[in-house]
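First up is the structure itself, then whatever we jot down about it.
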Amino acid sequence: MRSDIIKKGLDRAPHRSLLFALGISREDMEKPFIGVANSWNELIPGHTHLKNISRAVKEGIREKGAVPLEFNTIGVCDGLAMGHEGMKYSLPSRELIADSIETMAMAHPLDGIVLIPNCDKIVPGMLMAALRLNIPAILISGGPMLAGEFESNPVDLISVFEGVGKVREGAWKEETLSKLEEHACPTCGSCAGMFTANSMNCLSEALGLALPGNGTIPAVTSHRVRLAREAGRTIVELVRKETRPRDIATFSAFRNAIAVEMALGSSTNTVLHLPAIAHEADIELPLEVFDQISQSTPNLCRLSPAGTHHMEDLNRAGGVYAVMRELSKKGLLDEEVITVKGRLKDILPGYGVKDAEVIHLIEQPYSPTGGIAILKGNLAPGGAVVKQSAVNKDVFHFEGKARVFNSEEEASQAIQEGKINKGDVIVIRFEGPRGGPGMREMLAPTSLISGMGLGRDVALITDGRFSGGTRGLAIGHISPEAAEGGPIAKLRDGDTIIIDIPSRRIETNEEVLKRKPVHVEKKLTVKRSYLNRYRKQVTSADKGGIFKES
């Protein structure tokens, strides 16, 4: 066992002495040591219950005759960080989480590890660590929040963001929004729609590194606790079989995950995270792979923000594996891959669609292509990303005049002041991984646009990114970013921008490309900030926003 490095031999007497100080017995020294990486804290609604999840995981580990050893990681709540400087830290926290888990697992040799995240960047950060370390690992999330109810309609956090726009537009009174605030997020768990956290937790299943149900079983149910206990038992089996993450997360498994992503209509952030996770296993996932799979994979689900269903509905309808079973009917998955539970082809027959309103059958998809599209053109030669399942088909072809802003705040102010007109293309630049720094999500401006009734009349493009809760004609991840001198840095007010989703194009006039790029250097509040180091090391969005190798 890997942990024997600190348990066996004469020279390890001091190490054993420290282990005894933890309450570990001599009998325990003969058992596998299983790390439990828990991102519990009291700042993230999706994480406040993770002590209960961890407790169940540790019970499962002990049942199978191993020793659980828990430690914590940081986490950022994107909702609370949204719309201010705090969002600059969200994506960079992914690298810190991966590095911290590597540090703990290498400094204290573990035989296996259970990863307990729930929100946004914590999930991919933990998966990056698993593939980097390549010791037996399993991920068990805290599960999704239940949807709220307001005026007899299901609501979630995005309803509140869009409510701000409705108040600004005069459609709502502030009292209505104030009441909604208290109903939109009724339980602990990751926010209730197919936003980034739930997208990544679902794709962890599809990738094979989490148990069936990981992405959809609600946070507040006893079923979630039972799943956590099963995860504890399963990690010990993985250690004894010496099954490692890279045995599971192969190129074929990543292709399966992308196919599920397209069927679910996941967050565009998955296009940022999956390549970063794959990179840790020396697997390349260029944007072309995403678009190729999107072109041949039907969209089967329309959860909030693309529709009215929520994660609890997807769970009731059969969950991620029911979606995978539908995809398998058309040969869209490699069923020979293995998962933490066994070979995929042996597991899938046990699942099926229980509600065809929530999960459309493969013969009757919402659309014949996937929920995400990759656009390219002279404005984004490195690529750009749009959640096409959340875009009204009336604006799949859009041509408008640029309204250029060098920060999210400038754009949001202009929207609130009524300075954006129908037919405008809002350009928010210098918000990429390097330029932001940190590649902030643009949920505030997109929610204002939707709330003010401009969703079909205005487009927004950015070298930043969008929340999984964004809907409307929102094009993110423009690469190269403005801070790297990309074409988006050459745009001026009034320039024509053409967006054509079916033909995968995003373009501007050729004379724009002849200009010199504008340069903007963002100042940071904290002088010796981690973000200063981050922007020197980070790569572009089309590379997953990973750190440079040298």
Side-chain angles (χ1 to χ4, degrees), residues 88 90-92 94-95 124 196 258 261 267-279 284-294 372-388 402 404-408 425-442 459-467 470 473-491 495 497-501 503-508 512-513 515 517-520 522 534-549:
K88 294 178 184 288
S90 175
L91 182 59
R94 186 186 71 181
E95 316 308 310
T196 303
I258 295 170
E261 170 186 43
S267 163
T268 53
N269 280 316
T270 57
V271 181
L272 194 66
H273 298 319
L274 286 177
I277 296 165
H279 176 76
E284 289 189 20
L285 281 185
L287 294 183
E288 288 76 12
V289 173
F290 286 83
D291 204 53
Q292 174 196 18
I293 295 174
S294 177
I372 292 174
I374 307 299
L375 312 184
K376 286 196 172 185
N378 63 12
L379 191 50
V385 183
V386 61
K387 186 171 182 175
Q388 62 177 343
V404 182
F405 303 94
N406 291 330
S407 72
E408 177 190 1
V425 179
I426 301 168
V427 178
I428 305 179
R429 62 190 181 186
F430 296 100
E431 291 286 6
R434 178 179 161 192
M439 200 179 184
R440 288 193 289 179
E441 290 183 344
M442 302 292 140
L460 192 157
I461 71 170
T462 180
D463 53 9
R465 59 194 176 91
F466 294 108
S467 161
T470 290
L473 192 53
I475 318 294
H477 304 206
I478 300 278
S479 298
E481 63 175 292
E484 293 182 341
I488 193 173
K490 301 178 181 182
L491 288 171
D495 289 336
I497 295 175
I498 300 170
I499 299 166
D500 191 332
I501 293 176
S503 64
R504 304 298 201 255
R505 290 191 306 126
I506 180 166
E507 296 180 346
T508 187
V512 171
L513 307 180
R515 300 173 188 157
V518 172
H519 178 71
V520 174
K522 300 284 182 72
Y534 179 83
R535 64 180 163 194
K536 292 175 183 177
Q537 294 179 268
V538 72
T539 60
S540 60
D542 61 315
K543 301 292 190 299
I546 58 174
F547 279 170
K548 297 170 184 173
E549 293 291 340

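Atom NZ of Lys548 sits about 11.0 Å away from atom NZ of Lys536, to the nearest 0.5 Å. Distance CD1/Ile498 to CG/Asn378: 9.0 Å, rounded to 0.5 Å. Rounded to the nearest 0.5 angstrom, Glu408 CD and Ile426 CD1 are separated by 11.5 Å. If you take CZ on Arg440 and OG1 on Thr462, they are separated by 9.5 Å, rounding to the nearest 0.5 Å.
Looking only at side-chain heavy atoms (C-beta outward), Thr508 and Leu491 come within less than 4.5 Å of each other. When side chains are defined from C-beta on, Glu507 does not count as touching Ile497, because their heavy atoms never get closer than 4.5 Å. Proximity of Gln292 to Leu287: side-chain heavy atoms (C-beta onward) are nowhere separated by under 4.5 Å. By the 4.5 Å heavy-atom criterion applied to side chains, Ile506 and Lys376 are not counted as neighbours. Considering only heavy atoms from C-beta on, Arg434 stays 4.5 Å or farther from Met439 through its side chain. With a 4.5 Å cut-off on side-chain heavy atoms, Val427 and Phe405 do not count as touching. Looking only at side-chain heavy atoms (C-beta outward), Asn269 and Glu441 come within less than 4.5 Å of each other. When side chains are defined from C-beta on, Arg429 does not count as touching Val520, because their heavy atoms never get closer than 4.5 Å.
Ser479 places no side-chain N or O within 3.5 Å of a backbone atom of Ser540 that could act as its donor or acceptor partner. A distance-only check finds a donor-acceptor pair linking the side chain of Asp463 to the backbone of Ala482 [under 3.5 Å]. No donor-acceptor pair closer than 3.5 Å links the side chain of Thr268 to the backbone N or O of Lys387. Of the possible polar contacts, none joining the Asp500 side chain to the Arg505 backbone as a donor-acceptor pair under 3.5 Å is found. At distances below 3.5 Å, at least one donor-acceptor pair connects side-chain atoms of Lys490 with backbone N or O atoms of Leu513. Counting only distance, with no hydrogens or angles, the side chain of Ser90 and the backbone of Lys88 share no donor-acceptor pair below 3.5 Å. Checked by atom type and distance alone, the side chain of Ser294 pairs as donor or acceptor with a backbone atom of Ile372 at under 3.5 Å. In terms of modelled atom types and a separation under 3.5 Å, the side chain of Arg465 and the main chain of Gly432 share no donor-acceptor contact.
Contact between Thr539 and Pro433 at its shortest, heavy atoms only, is O-CB, 3.6 Å. Across all non-hydrogen atoms, the minimal contact from Gly435 to Glu481 is N-OE1, 2.8 Å. A pairwise comparison of heavy atoms in Phe466 and Gly476 identifies CE1-N, 3.3 Å as the closest pair. The minimum heavy-atom distance between Pro381 and Pro487, with the atom names listed, is CD-CG, 3.9 Å. Heavy atoms only, all atoms of each residue included: Phe430 and Ala489 are closest at CZ-CB, 4.4 Å.
With Asp291 as the fixed residue, the side-chain contact (heavy atoms from CB on, under 4.5 Å) test singles out one of Ile374, Ile258, Val271: Ile374.
The side-chain contact (heavy atoms from CB on, under 4.5 Å) search around Ser407 returns Glu409, Glu410, Glu431, Lys522, not counting sequence neighbours. Checked against side-chain contact (heavy atoms from CB on, under 4.5 Å), Glu95 has the following partners two or more places apart in sequence or in another chain: Met128, Tyr530, Tyr534, Phe547. The side-chain contact (heavy atoms from CB on, under 4.5 Å) search around Ile501 returns Ala373, Val386, Gln388, Val391, Phe396, Leu473, Ile499, Arg504, not counting sequence neighbours.
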request  = Step by step, work out the side-chain contact (heavy atoms from CB on, under 4.5 Å) result for Leu274 and Phe290.
outcome  = CA-CA 10 Å; Leu274 286 177; Phe290 286 83; 4.0 Å; yes
